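Here is the structure we will look at.
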Amino acid sequence: MTVGYNFLEIEKKWQDYWAKNQTFKAENNSLLPKYYVLDMFPYPSGAGLHVGHPLGYIASDIYSRYKRHKGFNVLHPQGYDSFGLPAEQYAIQTGQHPNITTETNINRYREQLDRMGFSFDWSRELRTSQADYYKWTQWIFLLLFDSYYCKKSDAAKPLSELVVQFEQTGNIHVDAVCDEKVIPFNSIDWSSYSEEEKQRILLKYRLAYLSDTEVNWCPELGTVLANDEIVNGVSERGGYPVTKKKMKQWSMRIGAYAERLLQGLEKIDWPDSLKEMQRNWIGKSTGAKVRFDIQGHDGQIEVFTTRPDTLFGVTFMTLAPEHELVDQITTQEQKEAVAAYVEASAQRSERDRMSDVKSISGVFTGAYAQHPFTKESVPVWIGDYVLAGYGTGAVMGVPCGDQRDYGFANHFDIQIKNIFEGADISKEAFTEKGNTKLKDSDFLNGLTYKEAMVSVIDKLEKDNSGEGNVNYRLRDAIFSRQRYWGEPIPIYYRDGFPVGLKPKNLPLELPEVEQYLPTPEGAPPLGNATTWAWDIVNEKVVSNTEINESTVFPLELNTMPGWAGSSWYFNRYMDSGNSEAFVSKEAVDYWQDVDLYLGGSEHATGHLLYSRFWQKFLFDLNLLPVDEYAKKLINQGMILGSSAFVYRKKGTQEYVSKNLIANVEVEPIRVDVSLVNSSNELNTEELKKWQPQFKDALFVLEDGVYLVGREVEKMSKSKYNVVNPDLICEQYGADTLRMYEMFLGPLEQAKPWNTAGISGVHSFLKKMWRLYHPNDSFSVSDSPASKEALKTLHQTIKKVTEDIENFSFNTCISSFMICVNELTAQKCNEKEVLEPLAVLLSPFASHFSEEIWELLGNKTSISNAPFPVHEPKYLVESTKNYPVSFNGKMRFTIELSLDLKKNEIEELILKEEKTQQQLQGRVPKKVIVVPGKIINIVG
RNA sequence: GCCUCGAUGGCGGAAUUGGUAGACGCGUUGGAUUCAAAAUCCAAUUCUCUCGGGAGUGUGGGUUCGAUUCCCACUCGAGGUACCA
């Protein structure tokens with residue numbers, strides 16, 4: 001006979017039951033209302049799942065199960081974002097195919113996930129690296145390639161419609177987003193263009209387009225590096241120098257969607273902080289573009305400014321070092337200095353340039369521009385505080401009105417002209433916009449900021465030297481990656497121009513390569529593939545040796561970035577097995593969108609922005625019913641690791657305990673956290689066995705033990721601070737782990753992992769188990785419960801329901817603990833209370849509740865049992881009676897007995913109100929009685 | 001640097017959103033039970049002193065009858081910063 005709470009047996013039993021009965025399989029049609037709960041799918045890393053991963057999954061699982069209890073048809077899927085750099089790095093080192101690495105990791109993840117008893121519908125599992133999935137990622141890419149953005153209808157349209165317009169009227173009446181100014185042409189011009197010319201023009205309109213973009217190039221490694229792979233200006237691998245280099249790259253015209261991405265934030269329930277981040281990232285600013293003629297040169301310098309009202313304060317201009325005009329306008333005398341400066345800034349990363357505001361640097365080009373109104377000469381400088389990627393890559397310098405311009409002018413002794421009436425600019429720039437009037441500004445004299453903005457833009461437009469303009473900080477997203485382990489881009493090159501594969505020819509499968517590194521010539525890893533050419537007659541991939549000029553063409557060598565597959569996966573879950581469509585119309589019409597999305601805020605300006613962009617694009621093509629895919633989003637905080645350190649006396653094998661290191665020269669060394677107990681005591685014998693370097697270690701102890709130092713940092717294999725959930729499941733069970741992770745603190749907050757408190761949650765479950773097993777065997781009473789017990793139950797129902805709805809799971813668990821303590825003290829054994837309590841706990845300790853549910857005589861899974869409803873039959877109140885205070889309103893609490901009538905309570909309140917006023921000794925302006933928590937008064 | 005968030009006992013955290021600061025859990029101390037241990041149960045537990053008090057929510061100011069909560073200026077920490085996912 002089973003004595004006590006045998007979690008291992010119970011959890012195994014119910015996990016098998018759920019799998020066998022497909023308890024959590026969601027149907028694509030149902031009379032029940034739908035509810036879609038989504039987790040950000042994991043990248044299957046080699047370190048396996050650590051205790052940080054499940055935090056969000058547990059929270060979403062609790063909510064999914066809760067919604068199921070509430071009568072919803074719940075979709076709660078899971079999958080893997082399985083393309084990524086680590087598997088590729090591993091392949092480079094070991095030669096093992098990333099597919100094998102990925103497969104192994106996924107299997108391990110799945111095993112670990114299964115042990116935690118999640119209510120995932122695994123029948124819908126997807127993997128971004130599988131051909132039947134990335135087929136559709138490629139398909140979406142082709143749609144983007146074959147679309148343009150029509151500003152008139154403010155939506156993406158098929159490129160074929162644009163071609164029709166070109167044929168009929170040229171581009172004169174076309175209002176579309178394109179990457180640079182396209183020379184106007186009419187229908188006759190269009191028909192006279194060569195095919196090559198037509199393609200060149202069309203490429204400027206496509207939403208997925210090719211252009212020259214800057215990348216971090218490492219000549220030694222012959223490869224492009226992510227900013228992440230650059231440490232202190234050199235490559236992380238090998239420490240080689242890195243420079244900027246222009247490369248032909250695929251980009252996505254996300255800029256076309258900037259305004260809609262901004263507006264869309266209004267209608268979704270996402271955290272305000274995250275919306276704010278996206279708003280700042282999109283960075284909308286209104287101002288004007290102003291064009292300055294260059295003296296002795298045909299071109300013009302175009303600047304974007306948010307302060308065209310200060311145009312008469314311009315005393316210099318600054319171009320980004322990468323600006324295309326730099327070479328052309330630099331005078332002979334300045335050539336050397338400019339070249340050196342350009343070279344130097346190419347070595348610096350953009351982030352470095354942005355963070356460094358203290359040092360001012362720049363070089364005079366020797367050239368002069370002409371002020372559009374005064375026609376005065378304005379010296380043109382270059383400076384690395386101007387970024388090529390923002391605005392036009394050039395700024396006008398107004399030292400009196402902008403602090404950075406002020407610093408620049410001061411540093412290089414450039415004239416500072418004051419154009420603000422009554423402003424003191426002797427120490428710093430005057431940046432207020434208020435009602436200060438302008439002076440020395442010709443036709444703007446006497447005008448305020450607002451008036452001058454209107455007036456100056458008007459004049460600029462009349463003179464054709466500028467126009468009002470809205471600028472976005474958001475840049476088009478670079479879509480090419482010089483990597484192997486990603487989706488191949490379904491493009492081949494004919495006469496140097498990209499041609500999309502036909503949808504029926506997808507998927508274009510990743511070819512086998514010998515080497516996962518770039519080719520010796522610096523081509524991406526796919527350049528190593530020998531079978532990577534497209535035969536347009538037979539419509540299949542053929543050997544490179546067959547490439548010719550008429551029917552077989554080279555295929556694209558770049559692959560897609562990590563965010564491609566994750567930008568639409570939430571739609572695929574609705575209908576994941578479909579081989580005819582990326583998602584069927586019926587499925588998407590039923591599920592519509594994600595009701596609750598859970599994931600980390602580190603994706604704020606990456607995945608969470610790109611995916612909104614793709615959703616809007618697919619919506620424009622009438623492929624999806626809604627243009628925002630997630631109604632509500634919650635960011636769970638990261639669980640941090642607590643690394644352990646031992647301290648080695650320099651040059652010896654002696655290790656000094658933490659509190660004795662003060663006067664000793666020591667080097668801290670990370671050791672595995674599993675070698676340390678919760679009191680920070682090191683298991684010295686185990687350490688000796690752990691790594692050879694500790695074999696002959698000597699320990700300087702304090703009070704007979706060796707104490708380690710601790711530091712909180714990101715959980716990672718290399719820091720030896722990973723805590724594996726498997727061990728905890730073994731020791732305490734999945735239910736305890738789930739509850740403990742939630743009990744650790746607020747969901748949104750980052751928190752260090754610490755196993756110390758887990759026994760509290762575990763003993764809660766044991767205590768609760770004993771409620772149902774008063775004498776070591778299951779027994780509940782059918783007699784009616786006491787009023788007291790019912791009060792406790794309903795108090796708990798109310799609190800738990802509110803807390804689940806607010807995702808306040810930590811306080812929710814506190815309520816459970818209080819409840820069980822009270823019921824234990826009351827010796828409650830009645831089914832009337834204990835049965836609803838089991839359902840209440842079921843979203844949290846699911847295995848536990850299933851077991852109790854079965855013991856109570858139920859034949860089906862508890863997961864569909866109706867959730868208990870709070871019936872306010874009994875008043876819930878604290879037993880204290882004290883005055884608080886007031887501020888316009890008055891708050892107090894009154895002790896109440898259970899049997900009071902409504903009018904009796906109101907009398908008590910009135911009486912208390914009078915007492916309070918006397919007690920306070922001050923008469924409030926207005927008295928609103930807010931009687932504490934007495935909200936539910938039922939007659 | 002910039003954007004976003006955070007800081008409360010020995011520890012994780014709570015505080016009805018401006019009204020008893022420290023719920024709940026861990027840890028610690030004492031007690032019960034036990035031959036003993038485990039398990040379980042009960043009680044105490046912010047600090048400090050001269051036992052009457054005093055101080056107290058990262059620091060310094062401010063608003064208010066009243067501030068963990070609102071405002072200003074800092075310090076420290078986390079995430080992002082466009083090719084990690």
Side-chain angles (χ1 to χ4, degrees), chain A residues 4 40-43 45 81 83-86 89 215-216 224-230 249 254 271-281 283 349-358 385 389 473-483 486 561-563 566 600-607 609-610 635 637-638 640 678-679 712-714 740 743-746 748-761 763-764 766-767 770 802 808 810-818 821 824 880 882-893 920-922 924 930 932-933 935:
Chain A
M40 287 184 188
F41 59 168
Y43 172 77
S45 94
D81 189 11
F83 272 134
L85 215 45
Q89 298 287 18
V215 294
N216 300 312
V224 175
L225 294 178
N227 283 340
D228 236 44
E229 298 172 288
I230 304 168
Q249 303 241 67
I254 189 174
D272 287 336
S273 58
L274 189 131
K275 288 193 198 177
E276 191 60 20
M277 273 192 254
Q278 291 208 345
R279 272 186 212 114
N280 293 334
W281 186 259
S349 73
E350 196 167 284
R351 198 183 302 177
D352 194 31
R353 281 165 60 174
M354 277 192 295
S355 22
D356 187 9
V357 289
K358 285 185 198 114
Y385 73 98
R473 203 184 72 103
L474 181 70
R475 303 207 286 255
D476 279 353
I478 300 172
F479 199 72
S480 299
R481 295 293 181 270
Q482 292 68 37
R483 311 278 183 196
W563 54 267
S566 59
S601 62
E602 66 269 25
H603 300 286
T605 52
H607 159 64
L609 201 58
Y610 296 132
N635 294 128
M638 189 180 286
L640 301 164
S678 56
S679 316
V712 171
E713 44 190 4
K714 209 165 170 170
Y740 182 60
F743 188 59
L744 219 46
E748 296 90 343
Q749 197 176 298
K751 46 210 165 253
W753 177 258
N754 176 9
T755 325
I758 199 165
S759 63
V761 176
S763 52
F764 155 76
K766 286 198 283 189
K767 210 181 235 186
R770 281 199 296 276
E802 280 170 9
S808 179
N810 55 330
T811 55
C812 186
I813 291 168
S814 293
S815 308
F816 276 122
M817 288 173 170
I818 296 168
N821 281 341
T824 305
K880 284 187 194 164
Y882 55 84
V884 185
S885 54
F886 65 89
N887 177 20
K889 64 189 178 183
M890 185 181 286
R891 284 172 171 276
F892 50 82
T893 311
Q920 294 296 335
R922 281 184 288 263
V930 182
K933 285 182 191 167
I935 297 152

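The shown structure was predicted, so the numbers you read here are calculated from the model rather than taken from an experiment.
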- Given atom CZ of A:Phe83 and atom P of B:rC84, what is their separation to the nearest angstrom? 17 Å

- Between B:rC3, B:rA82, B:rA14, which one does the side chain of A:Asn227 approach most closely? B:rA82

- Item | Pairwise P distance for B:rG25 and B:rU46, with rounding to whole Å | 15 Å

- Query: Looking across every strand, which nucleic acid part, if any, lies under 4.0 Å from A:Ser759 by heavy atom: base, sugar-phosphate, or nothing?
  - Reply: sugar-phosphate

- Item | Spatial distance of atom CE (A:Met277) from atom CZ (A:Arg279) [nearest 0.5 Å] | 11.5 Å

- With respect to the side chain of A:Ser273, which nucleotide from B:rC5, B:rA14, B:rC11 is positioned closest? B:rC5

- Remember a base hit wins even if backbone is also touched, and classify A:Leu474 as base, sugar-phosphate or nothing at under 4.0 Å, heavy atoms. base

- Message: In the structure I gave you, are the side-chain heavy atoms of A:Gln482 and A:Gln249 within less than 4.5 Å of one another anywhere?
- Response: yes

- Item | Length of the CG-P vector between A:Asn810 and B:rG13, whole Å | 9 Å

- Just how far is it from atom CZ of A:Phe743 to atom CD1 of A:Ile758, taken to the nearest 0.5 Å? 11.5 Å

- Query: A:Asn821 has an atom CG; how far is it from atom C1' of B:rA23, in whole Å?
  - Reply: 13 Å

- Using Watson-Crick geometry (N1-N3 plus N6-O4 or O6-N4) or G-U wobble (N1-O2, O6-N3), each under 3.5 Å, B:rA7 is paired with B:rU75

- Residue matched to B:rU34 through Watson-Crick or wobble contacts both under 3.5 angstrom: none

- Query: For A:Arg353, which contact category applies under a 4.0 Å heavy-atom criterion: base, sugar-phosphate, or nothing?
  - Reply: nothing

- Describe, in one word, how the ring planes of A:Tyr610 and A:Trp563 are oriented to each other, choosing from parallel (under 30°), tilted (30 to 60°) and perpendicular (over 60°). parallel

- Message: Checking contacts here: which listed nucleotide (B:rU81, B:rA14, B:rC26) is nearest the side-chain heavy atoms of A:Arg351?
- Response: B:rU81

- Task: Could you measure between the two P atoms, the one in B:rU69 and the one in B:rU8, and give it in whole Å?
- Result: 13 Å

- Query: To the nearest Å, how far apart are A:Ile758 CD1 and B:rG25 P?
  - Reply: 16 Å

- Relative to the 5' end of RNA chain B, which residue comes earlier, A:Asp272 or A:Gln249, by the nucleotide with the nearest heavy atom? A:Asp272

- Task: Would you classify A:Trp281 as touching base, sugar-phosphate or nothing, given that sugar-phosphate means primed atoms plus P, OP1 and OP2, and contacts are heavy atoms under 4.0 Å?
- Result: base

- Contact class for A:Val215 vs. all strands (heavy atom < 4.0 Å): base, sugar-phosphate, or nothing? base

- Task: Pick the P atom in B:rU20 and in B:rC11, then give their distance to the nearest Å.
- Result: 24 Å

- Note on the structure: Among the nucleotides B:rA85, B:rG12, B:rU4, whichever has the atom closest to the side chain of A:Phe743 is B:rG12

- Hey, is B:rG62 sitting syn or anti, using the within-90° cutoff around 0? anti

- For B:rU64, the Watson-Crick or wobble counterpart (both distances under 3.5 Å): none

- Starting at atom CZ of A:Phe479, determine the distance to atom C1' of B:rA82, rounded to an integer number of angstrom. 15 Å

- Message: Please classify the glycosidic conformation of B:rU17 as syn (within 90° of 0) or anti (everything else).
- Response: syn

- Write down the distance between CG (A:Asn280) and C1' (B:rG1), rounded to a whole number of angstrom. 15 Å

- Can you tell me how far CG of A:Asn810 sits from CD of A:Gln749, rounded to the nearest 0.5 angstrom? 9.0 Å

- Message: Please determine whether a side-chain nitrogen or oxygen atom of A:Gln749 lies at a distance below 4.0 Å from atom OP1 or OP2 of B:rC5.
- Response: no

- For the pair made of NE2 in A:His607 and P in B:rU81, what is the distance, rounded to whole Å? 14 Å

- Nearest to the side chain of A:Leu744 - B:rC83, B:rG27, B:rG12? B:rG12

- Proximity to the side chain of A:Thr605 - top-ranked nucleotide from B:rA82, B:rC84, B:rG80: B:rG80

- Message: Checking base pairs now: Watson-Crick or wobble, both atom distances under 3.5 Å. What partners B:rA43?
- Response: B:rU29

- Considering only atom C1', compute the distance from B:rA21 to B:rA14 and round it to an integer number of Å. 10 Å

- B:rG9 to B:rU17 separation - P atoms, rounded to the nearest Å: 24 Å

- Touch class at under 4.0 angstrom, heavy-atom based, for A:His603 against every strand present: base

- Message: For a quick check, tell me whether the side chain of A:Arg483 and the base of B:rC83 share a donor-acceptor pair closer than 3.5 Å.
- Response: yes

- Query: Distance between the P atoms of B:rA85 and B:rC74, in whole angstroms?
  - Reply: 37 Å

- Complement of B:rU50, any strand, by Watson-Crick or G-U distances under 3.5 angstrom: none

- Item | Spacing of the C1' atoms in B:rU59 and B:rG6 (rounded, Å) | 16 Å

- Task: Give a yes/no answer on whether the side chain of A:Lys751 brings an N or O atom under 4.0 Å of OP1 or OP2 in B:rC11.
- Result: no

- Query: About how many Å separate CG of A:Leu474 and CG of A:Asn280, when rounded to the nearest 0.5 Å?
  - Reply: 12.5 Å

- How long is the line joining CD1 of A:Ile818 and C1' of B:rG25, in whole Å? 11 Å

- Just wondering, do A:Glu229 and A:Gln89 contact through their side chains at under 4.5 Å, heavy atoms? yes

- Message: Can you check the distance between B:rA23 and B:rU45, where both ends of the measurement are the C1' atom (answer in whole Å)?
- Response: 15 Å

- Consider the side chain of A:Pro86, meaning its heavy atoms from C-beta on, and name the nucleotide among B:rG79, B:rC83, B:rC84 that approaches it most closely. B:rC84

- Message: Here's a test of your reading of the structure: between A:Asp356 and A:Ile478, which maps to the more 5' nucleotide of RNA chain B?
- Response: A:Asp356

- Item | Spacing of OG belonging to A:Ser763 relative to CE belonging to A:Met817, to within rounding of 0.5 Å | 7.0 Å

- So, is A:Lys767 near the phosphate of B:rU40, with a side-chain N or O under 4.0 Å from OP1 or OP2? no

- Base, sugar-phosphate, or nothing for A:Glu276, non-hydrogen atoms under 4.0 angstrom? sugar-phosphate

- Which of B:rA82, B:rG80, B:rA85 is nearest the side chain of A:Leu85? It is B:rA85

- Task: Using a 4.0 Å heavy-atom cut-off across all strands, classify A:Ser566 as base, sugar-phosphate, or nothing.
- Result: nothing

- Query: Is a side-chain donor or acceptor of A:Gln278 paired with a backbone partner of A:Ala604 at a separation under 3.5 angstrom?
  - Reply: yes

- Task: Under 4.0 Å between any heavy atoms, over every strand shown, what does A:Pro752 touch: base, sugar-phosphate, or nothing? Just pick one.
- Result: nothing

- For B:rC83, does OP1 or OP2 lie under 4.0 Å from any side-chain N or O of A:Arg481? yes

- Message: With a 3.5 Å cut-off and heavy atoms only, can you find an N or O donor on one side and an acceptor on the other between the side chain of A:Glu229 and the base of B:rC83?
- Response: no

- Task: Please state whether the phosphate of B:rC41, meaning OP1 or OP2, lies under 4.0 angstrom from any side-chain nitrogen or oxygen of A:Arg770.
- Result: yes

- Query: Which listed nucleotide (B:rC83, B:rA85, B:rG13) is nearest to the side chain of A:Gln482?
  - Reply: B:rC83

- Message: Distance check, rounded to the nearest 0.5 Å: A:Ser814 atom OG versus A:Phe764 atom CZ?
- Response: 10.5 Å

